[in-house]
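Atoms considered below: every heavy atom in the structure, side chains included; atoms not considered: hydrogens, waters and symmetry mates. All of these numbers come straight from a predicted model, not from anything done at the bench.
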There are 2 protein chains.
Amino acid sequence: MNDDAMDLRARNRQATREAIGHAALRLAIEQGPHGLALVRVQDIATAAGVSSRTYNNYFSSRAEAICAFQADQSRRAGQALRSRPADEPLHEAVTAAMIELYTDPEPDKAGLRMIMQTPELEGEALKAFTMAEGPLAEAIAARTGTDPGRDLFPAVKAAAVAGAIRVAGRHWLEPGNTESFATMLRSALSCVLLAEPPEGPRDR
Amino acid sequence: MNDDAMDLRARNRQATREAIGHAALRLAIEQGPHGLALVRVQDIATAAGVSSRTYNNYFSSRAEAICAFQADQSRRAGQALRSRPADEPLHEAVTAAMIELYTDPEPDKAGLRMIMQTPELEGEALKAFTMAEGPLAEAIAARTGTDPGRDLFPAVKAAAVAGAIRVAGRHWLEPGNTESFATMLRSALSCVLLAEPPEGPRDR
DNA sequence: CTCACAACTTGCGTGTCACGCACATAGTGC
DNA sequence: GCACTATGTGCGTGACACGCAAGTTGTGAG
């Protein structure tokens, strides 16, 4: 994930991926949620400085390119949780990790609005947020000492957390909202994190 | 939702929608997850007894057609919860409602596997399961006396429930699993329903 | 009952798109 | 430096989503 950990090929690849994703999101924002069809693949590729064929080597749909940033961010959820101190209670660790991951820096409202409120992007946006579940589930399993293969708890909790983040984002985008995203996140996560992992034996 | 409540037009429309959706899912299952590209729109339309143009009047992508049944089922989640007795505790009501909705009849494993384990369908599948959230959130808000516009609790809880159902389905599909889907659902939902609403009125 | 209107289906045409293939170029490891 | 592999690019092809207009069927008013 750090540049130092990747060779030149991987760094270039990541750079063009981000360039294409950034160009796609920027052009989409310019056209607004109703003019998404006007954003041609050729435009995105040109704006990113690559050929349209190369664009297709990285993404198989416009939606995927536009949501790439959100997807990349979600992939880091597991690492974010693992970076919390091991003796921190689960709900505090998850809350702190997600706030750090999703509010550093504060999200771009225009971009998030484009992703979350454009019907054509709904599927990809859900995919992007859901990508946090796998890594998160593993990190939660490691922290709680549960077995992800046999116990539903880590995966269910991860899905609940990812869903809470999504709901927090939706409410944060609502007009007339003055709260910071961090506050919304804390509220949403508190609805989901009060249940503790099962202590004794449970059906698996 | 009952046929009696719809006029002829609406009934015909629902019938063709289901015919197209059923044909799409059936053909997709026949080709398997790796041969999805071989299922042509023309084939689906022909199998459903309509023109390919009509197919496009109902669905704007193959994925949407294939996942139509799952989407329709999710839309009924709110109604399922509302049909539970008002004095039942929230977690019992939700569990009973979801088990009734998703295990009557027991889901078709081939169909669910196609929908949940085919990468090209991932976005649509998530959309389909997520469609339960809106109606569910309203029903939960009504039951707990919370305001969906001000309080995050109903939406977060609905997202958590929808996520738990999805995770339960994923585990149910894993090879070597002998449990019934109802059992998986109960386990998954128990991980999510133990948290209580933050403050204010709730049922019971 | 009949007639006008609205909803729906269908065929056709068009602009995009995803992707296979082959070749050129750049990074990597010996 | 020299093969070797990964990646970028141009071209061609088949499929698809959707606008448009004409034909067909359900619906409701007079």
Quiz item: Is a side-chain donor or acceptor of B/Asn177 paired with a backbone partner of B/His171 at a separation under 3.5 angstrom?
Solution: yes
Between [atom2] of [N] and [atom1] of [X], the distance in whole Å:
X	N	atom1	atom2	answer
A/Arg40	C/dA18	CZ	C1'	16 Å
B/Glu124	D/dA17	CD	P	11 Å
A/Gln42	D/dT9	CD	C1'	12 Å
A/Asn57	D/dA6	CG	C1'	11 Å
B/Asn12	C/dA6	CG	C1'	15 Å
B/Ile44	D/dA15	CD1	P	13 Å
B/Phe59	D/dA15	CZ	P	22 Å
B/Arg11	C/dA7	CZ	P	18 Å

Exercise. Go through the steps to decide whether A/Leu90 and A/Val94 satisfy the test side-chain contact (heavy atoms from CB on, under 4.5 Å), and finish with yes or no.
Key: CA-CA 6 Å; A/Leu90 180 64; A/Val94 170; 3.9 Å; yes
Quiz item: Roughly how bent is the helix from C/dC1-D/dG30 to C/dC30-D/dG1 end to end, in steps of 10 degrees, with each end axis from five pairs?
Solution: 40°
Does any donor atom in the side chain of [X] or [Y] lie under 3.5 Å from an acceptor atom in the other side chain?
X	Y	answer
A/Glu64	A/Ser60	yes
B/Ser187	B/Ser190	no
A/Gln70	A/Ser74	no

Just to confirm, is there a sub-4.0 Å distance from OP1 or OP2 of [N] to any side-chain nitrogen or oxygen of [X]?
X	N	result
A/Ser60	C/dA18	no
A/Ser51	D/dT9	yes
B/Asn56	D/dC18	no

May I ask you to verify whether the side chain of [X] and the base of [N] hold a donor-acceptor pair under 3.5 Å?
X	N	result
B/Arg13	D/dG26	no
A/Arg9	D/dT5	yes
A/Arg53	D/dG10	yes

Self-check item: Given DNA chain C, 5'-ward residue of the pair A/Ser61 and B/Thr16, judged by closest heavy atom
Solution: B/Thr16
Quiz item: Can you say whether the rings of B/Trp172 and B/Phe181 are parallel (under 30°), tilted (30 to 60°) or perpendicular (over 60°)?
Solution: tilted
Quiz prompt | A/Arg186 atom CZ, over 12 foreign heavy atoms within 6.0 Å | solution = no
Quiz item: Counting any heavy atom closer than 4.0 Å, what does A/Ser52 reach on the DNA or RNA strands: base, sugar-phosphate only, or nothing?
Solution: nothing
Exercise. Would you kindly compare B/Tyr55 and A/Tyr55 by the position of their nearest DNA chain D nucleotide and give the one closer to the 5′ end?
Key: A/Tyr55
